[in-house]
Every structure is written in C-alpha cells, then in structure tokens.
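Computed over heavy atoms, backbone and side chain alike; hydrogens, waters and symmetry mates excluded.
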Amino acid sequence: MAFLIARAASAPIVLDGKRVRLRPYVNADHAAWAELRRVSRAHLEPWEPAWRDADLDRRAFRARVQHYAREVRQDAGYAYGVFRSGDGKLMGGIGFSHVRRGVTQAAVLGYWLGSPYLGRGYMTEAVRLMLGFAFQQLCLNRVEAASMPSNSDSIRILERTGFRREGVARRYLQINGVFEDHILFAHLADEFARGAGET
C-alpha cells in the first residue's frame, strides 16, 4: 500500500494577522506566560486538564518549550503563543497536536485565551491564521477540534471559523479531573479553499 507523504519543508517562525501574531514560545516568555495563566486560572480550569502550581514554574516552562520544539522537528505538533500585534502582549496559546500523515493528513487544534482578552475576536483571528498554516503550508486535509457542550464561547469560535459539527464523543477528555463529553468538529482543506468561515 502506498502512503501519501505531504508536509511543509519548514514551519514558519511567525504567523502574522491584523491584530495577532503567532510565534513559538521561547524561554524568555516564561514570566508573561506564568502570570497570564495565574490570573486566568478561574476562567481556564473548567475547560482544561487539571494543573498544579508547579506547572507554572520556570523549569516546567523550559521543558514545555523543549517539548514543543521537538514536536516541530518531528512534524508531530506546532505550538504557538498568541501575541497582540503592536505591543507584543502575550494573550494565550494555540497549536496543533497529534499530526497524522500517511493517508490521514490531519491534526487536532487546541487553544486557550487569557481572561483579560476574552470577547474581542483575538482567538477567532488566531484560529483563521492556523487554518491557513494547516492547509497551505502543512498540506493537511483535515483539522479537528473538540469542545465541551457547555463551552459556548469556544463553540462560537469554531463555528465562526468554518468548523462543522460531526458528533459527540462520550467521556472524551479528562477535564479538571473528570472525563467529559465533547462535541467533535472538523474543518476540511476544500472547505477552506472555498472560503468557509471567512465571514
């Protein structure tokens, strides 16, 4: 059986939009990242796997940056900080994990936004940038995402950017210590080419 192999020659260092800039984290981002995660904890905890205070320390962040760089080298994942254009403020994170090649050509999109930046359209723009990266540079066929049914803000972002609901995965991910059902979404390369989610 022949397997399709398609991948970008190299990942871009920066993805620039009108109001956001996406770039890989570097060790120097630790203080801003840890503070944003700290002040946003009450907002993030209902939607994320459980995390400890130690996960915010410098050593843990350095290991995270190394892990992300290794994933890029292996074409297994692409993690970016979401920074505000203009003043360079770190606002959140976005990335692809579980990149599958061969006959699948797919990845899973995940993202988070700090509480001071909610409701301003920053993540919608970041998701659109990542979709362009996925389909035009990584040559993926499919980008998948999942959201808890109660996370209406995340669902709005996915629908606004052209993702379509595909079903419900029961007890899909362990969120804050509990396995939770998730709505499954996907966006396809041909839909992106037709401009789905550009309104």
Side-chain angles (χ1 to χ4, degrees), residues 6-8 11-12 14-17 19-25 33 37 40 43-44 46-49 64 67-69 71-72 74-83 90-102 104-114 117-118 121-169 172-175 180-199:
R7 62 182 290 183
V14 172
L15 300 173
D16 273 317
R19 300 192 305 143
V20 302
R21 166 173 277 201
L22 310 183
R23 67 160 172 81
Y25 293 107
W33 178 88
R37 297 284 295 177
S40 303
H43 162 66
L44 295 172
W47 320 118
E48 294 190 347
R64 180 184 298 270
H67 170 76
Y68 291 155
E71 284 204 321
V72 170
Q74 296 170 348
D75 187 39
Y78 297 87
Y80 290 88
V82 178
F83 297 85
L90 176 64
M91 300 187 292
I94 192 167
F96 294 133
S97 61
H98 305 293
V99 176
R100 283 110 60 210
R101 293 299 185 177
T104 306
Q105 301 299 331
V108 176
L109 175 71
Y111 49 82
W112 65 275
L113 194 65
Y117 306 105
L118 298 172
Y122 292 123
M123 191 51 70
T124 297
E125 184 176 343
V127 169
R128 288 184 174 131
L129 285 172
M130 289 297 283
L131 289 171
F133 174 44
F135 298 129
Q136 296 168 343
Q137 294 176 263
L138 294 180
C139 303
L140 297 178
N141 174 62
R142 175 181 170 88
V143 173
E144 301 164 351
S147 177
M148 289 168 56
S150 56
N151 194 346
S152 56
D153 291 341
S154 184
I155 290 170
R156 268 196 301 277
I157 289 169
L158 293 171
E159 292 179 337
R160 194 179 298 135
T161 54
F163 281 80
R164 292 174 57 184
R165 294 179 189 224
E166 295 193 329
V168 175
Y172 181 63
L173 293 174
Q174 192 176 51
I175 301 298
E180 298 280 0
D181 295 352
H182 280 67
I183 302 171
L184 302 180
F185 292 84
H187 200 314
L188 305 181
D190 60 346
E191 295 168 343
F192 183 82
R194 292 196 306 267
E198 289 184 359
T199 57

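At a threshold of 4.5 Å between non-hydrogen side-chain atoms, the residues M123 and R156 do not count as touching. Inter-residue side-chain proximity for L113 and M91 is flagged as met; some heavy-atom pair is nearer than 4.5 Å. Residues F96 and L109 meet the side-chain proximity criterion, which asks for heavy atoms closer than 4.5 Å. Between R164 and E191 there is a side-chain heavy-atom pair separated by less than 4.5 Å. For the pair I175 and H182, the minimum side-chain heavy-atom distance is below 4.5 Å. Using a 4.5 Å heavy-atom threshold, the side chains of R165 and E159 count as touching. The side-chain heavy atoms of W112 and V82, taken from C-beta on, include no pair separated by under 4.5 Å. Taking 4.5 Å as the limit, some side-chain heavy atom of S147 sits within range of a side-chain heavy atom of F185.
Ring-plane geometry between F135 and F192 is classed as tilted, the angle between the planes lying from 30 to 60 degrees on a 0 to 90 degree scale. The aromatic rings of F133 and Y78 sit perpendicular to each other, their planes meeting at more than 60°, with 30° as the lower class boundary.
To the nearest 0.5 Å, atoms CH2 (W47) and CD (E180) are separated by 9.0 Å. Annotation: the span from I183 atom CD1 to M148 atom CE amounts to 10.5 Å, rounded to 0.5 Å. Note that the CZ atom of R142 and the CZ atom of R100 stand 7.5 Å from one another [nearest 0.5 Å]. The CG atom of D181 sits 10.5 Å away from the CG atom of L173 when rounded to the nearest 0.5 Å. Taken from OG1 in T104 to CG in N141, the straight-line distance is 9.0 Å, to the nearest 0.5 Å. Atom CZ of R37 is separated from atom CG of L90 by 10.0 Å, given to the nearest 0.5 angstrom.
Residues that satisfy the side chain to side chain donor-acceptor pair (under 3.5 Å) test with E125, not counting sequence neighbours, are absent from this structure. A search for side chain to side chain donor-acceptor pair (under 3.5 Å) contacts involving Y111 returns S154, not counting sequence neighbours. For the side chain to side chain donor-acceptor pair (under 3.5 Å) test, residues two or more places apart in sequence or in another chain that qualify with R21 are D16.
Contact detail for L140 and A107: the closest heavy-atom pair is CD1-CB, 3.7 Å. Residues Y172 and A146 come closest through the heavy atom pair CE2-CB, 3.6 Å. Between Y25 and G92 the shortest heavy-atom distance is OH-O, 3.4 Å. Taking both residues in full, the closest heavy atoms of W33 and R64 are given as CZ2-NE, 3.6 Å, listed atom of the first, atom of the second, then distance.
No donor-acceptor pair under 3.5 Å is formed between the side chain of R101 and the backbone N or O of V99. Between the side chain of Q137 and the backbone N or O of A134, no donor-acceptor pair lies under 3.5 Å. Looking only at distances, a side-chain donor or acceptor of T161 sits under 3.5 Å from a matching main-chain atom of L158.
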Item to complete: Give the C-alpha distance, both sets of side-chain angles, the deciding distance and a yes or no for side chain to side chain contact (heavy atoms under 4.5 Å, CB included) between V14 and F83.
Response: CA-CA 11 Å; V14 172; F83 297 85; over 6 Å; no
Item to complete: Dump the intermediate steps for side chain to side chain contact (heavy atoms under 4.5 Å, CB included) on V127 and I157, then the final yes or no.
Response: CA-CA 8 Å; V127 169; I157 289 169; 3.9 Å; yes
